[in-house]
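To start, the structure itself, in structure tokens.
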Amino acid sequence: MSGDILKRIAEPSLQVVGYVVLAVMFLYILTPLVWMFLTAFNPEGGPFLELPKEFTLDNFVMIFTGEPIKGRAGAAHPFYMTRWIQNSFFIASVALLLVVTMASMAAYSLSRLDFPGKSLLMTFILLIGFMPSMAKILPLFKLCLMFGFVDNLFGVAVVIASSILPTQIWILKGFFDSIPRELEEQAWVCGCGRFTTLMRVVLPVAGPGIAVVALLSFLGAWGSFTIPLILIRSEDLYPISLGIASVFIHNPGEIGLAVDYGPLCALSIVYAIPSLAIYYLTRKYLMQVRLGKMEVR
Amino acid sequence: MKIIRWIKVHSVELILATFLLPALITLIIFQLIPTIWTIWFSFTDMALIGKRLIHPRFIGLENYVKLLNDPIFWQSMKVTFEYCLASLVLRFVLGLLAALYLTSKTFKGKTLMAAVFLLPYIIPGVIHPYVWISMLDTRYGTLNRILLLFGLPSQSWVYKRAMESVIMINSWAGYALAMLVLASAITSIPKEYYEVAEIYGASRWQRFTKITLPLIKYPVMLSMILIFKEDIDDFTYVYMFTEGGPHYRTELLSLYAYHKAFAYFELGYGCAVGFVIAILVFILTLAQLKLGGT
């Protein structure tokens, strides 16, 4: 009886505490982002949270045209926003295509084929992906010099794709494994060719997996910083990540000094929009990634 | 003849096997060869420019001896240890909390929660430090305003507490990794377990420690290993935020390797640091697997 009362009091209060903690977490997550959003539309934004007195699009105009805003000094460095966006889009879409094609081919093959040493190969792929990037990224410069991949957007995309590939093969193999082979066999019995089966039966069922892989590889390539930092030397070919760094990088510890906050926030928003858009398109599938298959050690 | 017949019988398998080739070739050229090269370069005096880029000299363990006597290396070891440990704890705890919210029946608004929880993870990493400017500003920053509210002295986050600031940014940006892994693990636990436990009068806490935790043991370990690997590897935040300063207090090992190779042009030495990172990841992964009892 007393336990019952305790429960009746404890349950709702627990819920209240839970919601309070949740609210604190939301504040922690959202406050920095809210500042970014407000400051992008603020004609005189500073490094502090405040509601803009008037609403302006000048900052967005500024980052695309490079025209300094009236009454303020221009950025120390010129903006090449359109070119950065083009470069980033090129890198991200080439990397996405490469990863989706290569990973789905490899994962399908690994899922349907049995051969001696298969688990060894899977472990090898996992280990390659797990190698810290600092343990392979420095010689990449020399390797890419040999291939002519330094200062080459396609080369950068290939290198990024190769670094994303291992995990994506594992994720996709999980999805292909969950499609019973009988389903395919039935399709063959009914007179579908191998290829038609692949296109009409397997790919639609593995669709969510491919969507997740597309999302993850786009996010990875669109936001990539270290690999372009090492492989791209000329400013013409900067993706947005390097572009932002070139405009707003500051001396050690000088954050908050001599930075034009409005354009910075506008640029950040423009940079984030494609990532958010592709997340929005694929969000339904993201939670379906079962990492259970990765538990095989 | 025999070979031709074998090929005919196994044609489908052979075609499937060729599907593997593009991925494998890419991985070998752009991932495996650089890894092996890192080890090889770390035993040479290779430089990024000039004659020593093309004709490096084999110098044995000289780079590693230099490393052991390099005060900045030990400084960045210490800094990396602090950074990784603090980030691991924060990212894991926040991620677990978020995963519990996402999977619990008690709390409403899952779609909103998922969207908000994933926001920092989705926006590109380069802008994370910038987004935090308003939080960390010394005079009007949000954090200092909160401190003032509680009557505490305001801090010079960027200058005096650079490490704490980077850790905060990193855990803000990266907890979603643990959240994704743990949430998908928790949803795959059969509902019946909890129903039975409830019938037998198990409390919420008991249900969590006796059912959820043991069943997500491997995902917990997996997420910890992934977090550790990401933190020791990625120098984007410190590069954007402090460039390792002030006085090497945020010079992570990865940033140190990059600086050695691309600012001081000592590619061989940078590779030695990179190889040390690989060894650290390897040892700590093994340790975590051992601790997890596998």
Side-chain angles (χ1 to χ4, degrees), chain A residues 15 18 22 26 29-33 35-36 47-49 102-103 105-106 108-109 112-113 125 128 130-136 138-140 143 158-159 162 165-166 169 194 219 222-223 225-226 241 244-245 248 252-253 255-256 264 268 271-272 275-276 279 287 289-292 294-295 297, chain B residues 13 16-17 19-20 22-23 26-27 30-35 37-38 41 101 106-107 116 119-120 122-127 130-135 137 140-142 158-159 181 184 188 218-219 222 229 232-233 236 240-243 245-246 254 257 261 267 270-271 274-275 277-278 281 294:
Chain A
Q15 212 166 341
L22 188 66
F26 267 36
I29 296 163
L30 290 175
T31 322
L33 295 171
W35 171 74
M36 179 176 85
F48 40 80
L49 202 59
M102 290 195 290
M105 280 166 76
Y108 182 68
S109 165
R112 290 299 183 259
L113 212 55
I125 291 173
I128 285 273
F130 201 67
M131 227 9 167
S133 66
M134 278 323 287
K136 56 200 169 193
L138 300 180
L140 265 178
L143 191 80
V158 172
V159 173
S162 78
L165 203 49
I169 293 178
R194 275 265 177 179
L219 287 185
W222 180 255
F225 176 71
T226 328
S241 52
I244 296 186
F248 296 109
I255 211 166
L264 170 63
S268 304
Y271 191 17
S275 300
L276 294 171
Y279 161 69
M287 282 301 176
V289 182
R290 287 275 174 276
L291 289 145
M294 274 177 132
E295 286 161 28
R297 276 147 288 120
Chain B
E13 278 90 343
L16 272 182
F19 277 19
L20 269 172
T26 317
L27 283 180
F30 292 104
Q31 301 291 312
L32 187 63
I33 291 179
T35 312
W37 271 15
T38 300
F41 286 5
Y101 274 116
T106 326
F107 300 97
V116 171
L119 260 181
I122 288 160
I123 62 175
V126 176
I127 59 184
Y130 293 134
V131 168
W132 268 72
I133 289 175
S134 72
M135 298 288 274
D137 188 71
Y140 307 111
T142 313
V158 183
Y159 294 94
V181 175
S184 82
S188 65
Y218 295 121
L222 179 75
K229 189 228 151 196
I232 203 169
D233 214 18
T236 314
M240 301 295 290
F241 189 60
T242 59
E243 278 248 60
S254 47
L267 196 56
C271 284
F275 188 52
I277 295 175
V281 169
T294 45

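A note on names: the letters A, B, ... follow the listed sequences, proteins ahead of strands, and every chain is numbered from 1. Reckoned from all heavy atoms, side chains included, excluding hydrogens, waters and symmetry mates.
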Who wins among [options] for the most heavy-atom pairs under 4.5 Å with chain B?
options: A/S133, A/S241, A/A272, A/G223; value: A/S133
options: A/S275, A/A106, A/A135; value: A/A135
options: A/T226, A/L143, A/L22; value: A/L22

Atom pair [atom1]/[atom2] of [X] and [Y] - distance to nearest 0.5 Å:
X: B/L32; Y: A/I125; atom1: CG; atom2: CD1; answer: 11.5 Å
X: B/T35; Y: A/L140; atom1: OG1; atom2: CG; answer: 8.5 Å
X: A/L138; Y: B/F41; atom1: CG; atom2: CZ; answer: 9.5 Å
X: B/E13; Y: A/S109; atom1: CD; atom2: OG; answer: 10.5 Å
X: B/L20; Y: A/M102; atom1: CG; atom2: CE; answer: 12.5 Å

Pairs of heavy atoms under 4.5 Å with chain A: top-ranked of B/I277, B/I232, B/D233: B/D233

For chain A, the option from B/I123, B/I33, B/L119, B/V126 that forms the most heavy-atom pairs under 4.5 Å: B/V126

Which answer fits [X], side chain, backbone, both or neither, if we ask what part of it has an atom under 4.5 Å from a heavy atom of chain B?
X: A/Y279; value: side chain
X: A/M131; value: both
X: A/L165; value: side chain

If I compare all heavy atoms of [X] with all of [Y], which pair ends up nearest, and what's the gap?
X: A/L219; Y: B/I122; answer: CD2-O, 3.8 Å
X: B/V131; Y: A/W35; answer: O-CE3, 3.5 Å
X: B/T38; Y: A/P139; answer: OG1-CG, 3.2 Å
X: B/A278; Y: A/P132; answer: CA-CG, 3.5 Å
X: B/L16; Y: A/R112; answer: CD1-CB, 4.0 Å
X: A/F130; Y: B/K229; answer: O-CE, 3.4 Å

Residue B/T142 versus chain A: region with a heavy atom under 4.5 Å: side chain

Which atoms of B/V281 approach chain A - backbone, side chain, both or neither, heavy atom under 4.5 Å: side chain

Residues that A/S268 engages under side-chain hydrogen bond (donor to acceptor under 3.5 Å, both in side chains), provided they are two or more places apart: none

Side chain to side chain contact (heavy atoms under 4.5 Å, CB included) evaluation trace for A/K136 with B/F30: CA-CA 9 Å; A/K136 56 200 169 193; B/F30 292 104; over 6 Å; no

Chi angles and distances behind the side chain to side chain contact (heavy atoms under 4.5 Å, CB included) call for A/L264, B/I133: CA-CA 11 Å; A/L264 170 63; B/I133 289 175; 3.7 Å; yes

Under 3.5 Å: donor-acceptor pair, side chain of A/S162, backbone of B/T26: no

Polar side-chain atom of B/Y101 near backbone of A/G18 as donor-acceptor pair, under 3.5 Å: yes

